[in-house]
Protein chains: 2
Amino acid sequence: MTELGRRERKKLQTRQSIADAALELFLARGFDDVGVKEIADRADVSVTTLFKHFPSKESLLFDEDAEMESALVGAVRDRPAGQSIPQALKDHFVRAATGHADHPLFGPFIRLVEDTPTLRAYQRTMWIRHETALAHAIAEDVGAPLDDVRCAGLARFALEARDVIFGRADREKAAEELFGLLEHGWAADQKA
Amino acid sequence: MTELGRRERKKLQTRQSIADAALELFLARGFDDVGVKEIADRADVSVTTLFKHFPSKESLLFDEDAEMESALVGAVRDRPAGQSIPQALKDHFVRAATGHADHPLFGPFIRLVEDTPTLRAYQRTMWIRHETALAHAIAEDVGAPLDDVRCAGLARFALEARDVIFGRADREKAAEELFGLLEHGWAADQKA
DNA sequence: TACAAAAGTGCAATGACTACACTTTTGAAG
DNA sequence: CTTCAAAAGTGTAGTCATTGCACTTTTGTA
């Protein structure tokens with residue numbers, strides 16, 4: 001679509017260097033044992049520049065965000081005919097989880113986040129940001145008012161479900177059971 | 001039960017002074033516009049002492065914690081015969097919310113927390129800590145393995161429901177609808 | 001009364017983050 | 001090709017929460 005000028009390209013490149021440096025160092029020595037200074041040095045930029053690109057130390061690890069939200073909304077909006085919303089969300093999460101599973105850093109990355117309280121909290125905050133968007137998509141789909149409580153609730157529960165699932169050994173089964181619960185509750189509510 | 005010696009009493013008193021000073025200042029000027037130094041000064045203690053009593057600035061606002069957890073577990077364990085677990089939790093939350101509603105600082109306090117991202121996040125983290133305890137209580141009650149996924153899920157969803165409910169104008173109705181969803185999903189699952 | 005543990009203090013340091021004033025790069029207009 | 005304002009980058013110095021340390025004071029108890 002939009003051609004990027006050299007300027008934009010260089011900017012993105014700087015950003016990428018920083019993110020790469022951060023990921024390497026964090027994976028090697030842990031989030032708390034690496035300072036921003038060191039990351040900036042390795043990316044060959046000043047600390048000031050680093051913070052011009054990323055709003056916080058935690059954010060260095062979570063880059064792609066806008067895409068996730070539209071994917072989430074899309075999963076509800078464009079689901080196969082006849083499929084329930086909880087089902088569609090479950091499929092979406094399972095697909096997303098297994099989609100990246102081949103990347104060699106996926107495992108270590110997950111472990112890093114799980115083992116660092118700060119990062120868990122941050123990830124969760126970022127994740128929950130999508131609640132409103134998802135809630136609206138659901139409400140629109142079923143023809144409820146945009147701020148309908150049950151739609152907001154389903155959105156929240158679904159997003160949380162992902163977090164619970166990730167903490168489990170058998171993610172497939174966990175997803176099945178948790179979304180089963182939502183599925184039944186949601187269906188019963190829809191009838192009323 | 002246990003009589004407190006003068007030492008313990010003085011310690012608690014110091015702690016209370018600090019918490020009081022913090023609450024006053026935060027309510028008056030907002031969380032981010034008050035420094036720990038100022039709080040310590042008002043409570044007439046050193047900053048070092050302040051941090052010997054509280055692990056962080058945020059924790060100054062959230063004191064009573066162990067009680068909440070046992071109350072939560074108790075709500076499940078000692079619920080009236082024939083009442084479902086989601087129902088019991090709903091009742092518990094509604095009761096807890098209205099129980100403090102008469103306190104004059106309750107409203108402003110809630111508003112302070114809602115309006116300060118840091119505090120929202122902190123409160124949520126503290127709150128979710130009870131997930132495991134609640135999940136175990138539920139599992140025990142229905143005779144499932146302690147780490148059963150559906151029990152953990154219900155616990156998580158119920159705790160999150162409280163958060164969603166607090167963000168709503170009509171909390172009574174919101175509670176009704178959200179726990180209705182959990183109720184139906186849970187009931188359907190239990191039969192299987 | 002004496003003494004060890006507990007409570008409190010002040011100081012200096014760390015580490016994330018910001019404000020500021022500055023230099024360098026670069027896209028685009030003339 | 002020159003020019004110039006915006007954008008990208010830099011270094012310095014500061015703020016603020018939080019911690020480690022070595023120290024004094026208080027207090028329960030033997």
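Throughout, a chain's letter reflects where its sequence line sits, starting with A, and its residues are numbered from 1. Note that this is a predicted model, so its numbers are computed, not measured.
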Could you give the CG-to-C1' distance, from B:Leu12 to D:dT27, as a whole number of Å? 16 Å

Answer yes or no: is there a donor N or O on one side and an acceptor on the other, between the side chain of B:Trp127 and the main chain of B:Leu159, under 3.5 Å? yes

Is the A:Phe109 ring parallel, tilted or perpendicular to the A:Phe62 ring (thresholds 30°, 60°)? perpendicular

Without decimals, in angstroms, what is the distance between A:Glu8 CD and D:dG9 P? 11 Å

Quick check: do B:Leu182 and A:Leu181 have side-chain heavy atoms less than 4.5 Å from each other? yes

Rounded distance (Å) that lies between atom C1' of C:dG27 and atom NZ of A:Lys11: 14 Å

Please report, rounded to the nearest Å, how far the C1' atom of D:dC16 is from the CG atom of B:Leu60. 14 Å

State whether A:Thr14 places a side-chain N or O below 4.0 Å from either non-bridging phosphate oxygen (OP1 or OP2) of D:dA8. no

Whole angstrom value for the distance that separates P of D:dT26 from CD of B:Gln13: 15 Å

Distance under 6.0 Å and angle within 45° of ring axis: B:Arg162 vs B:Phe166: yes

Residues from residues 28-58 of chain A sitting under 4.0 Å of DNA chain C, heavy atoms only? A:Val34, A:Gly35, A:Val36, A:Phe51, A:Ser56, A:Lys57

Report yes if at least one side-chain N or O of B:Lys10 is closer than 4.0 Å to OP1 or OP2 of D:dT26; otherwise report no. no

Atom CD1 of A:Ile18 and atom C1' of D:dA8: how far apart are they, to the nearest Å? 11 Å

How many angstroms lie between CZ in B:Phe31 and NZ in B:Lys57, if you round to the nearest 0.5 Å? 4.5 Å

At under 4.0 Å, does any side-chain N or O of A:Arg7 touch on OP1 or OP2 of D:dA8? no

I'd like to check the side-chain contact (heavy atoms from CB on, under 4.5 Å) partners of B:Asp63; sequence neighbours left out, ordered by chain and number. B:Arg15, B:Ala19, B:Phe54

In whole angstrom, give the distance that lies between atom CZ of A:Phe26 and atom P of C:dG15. 13 Å

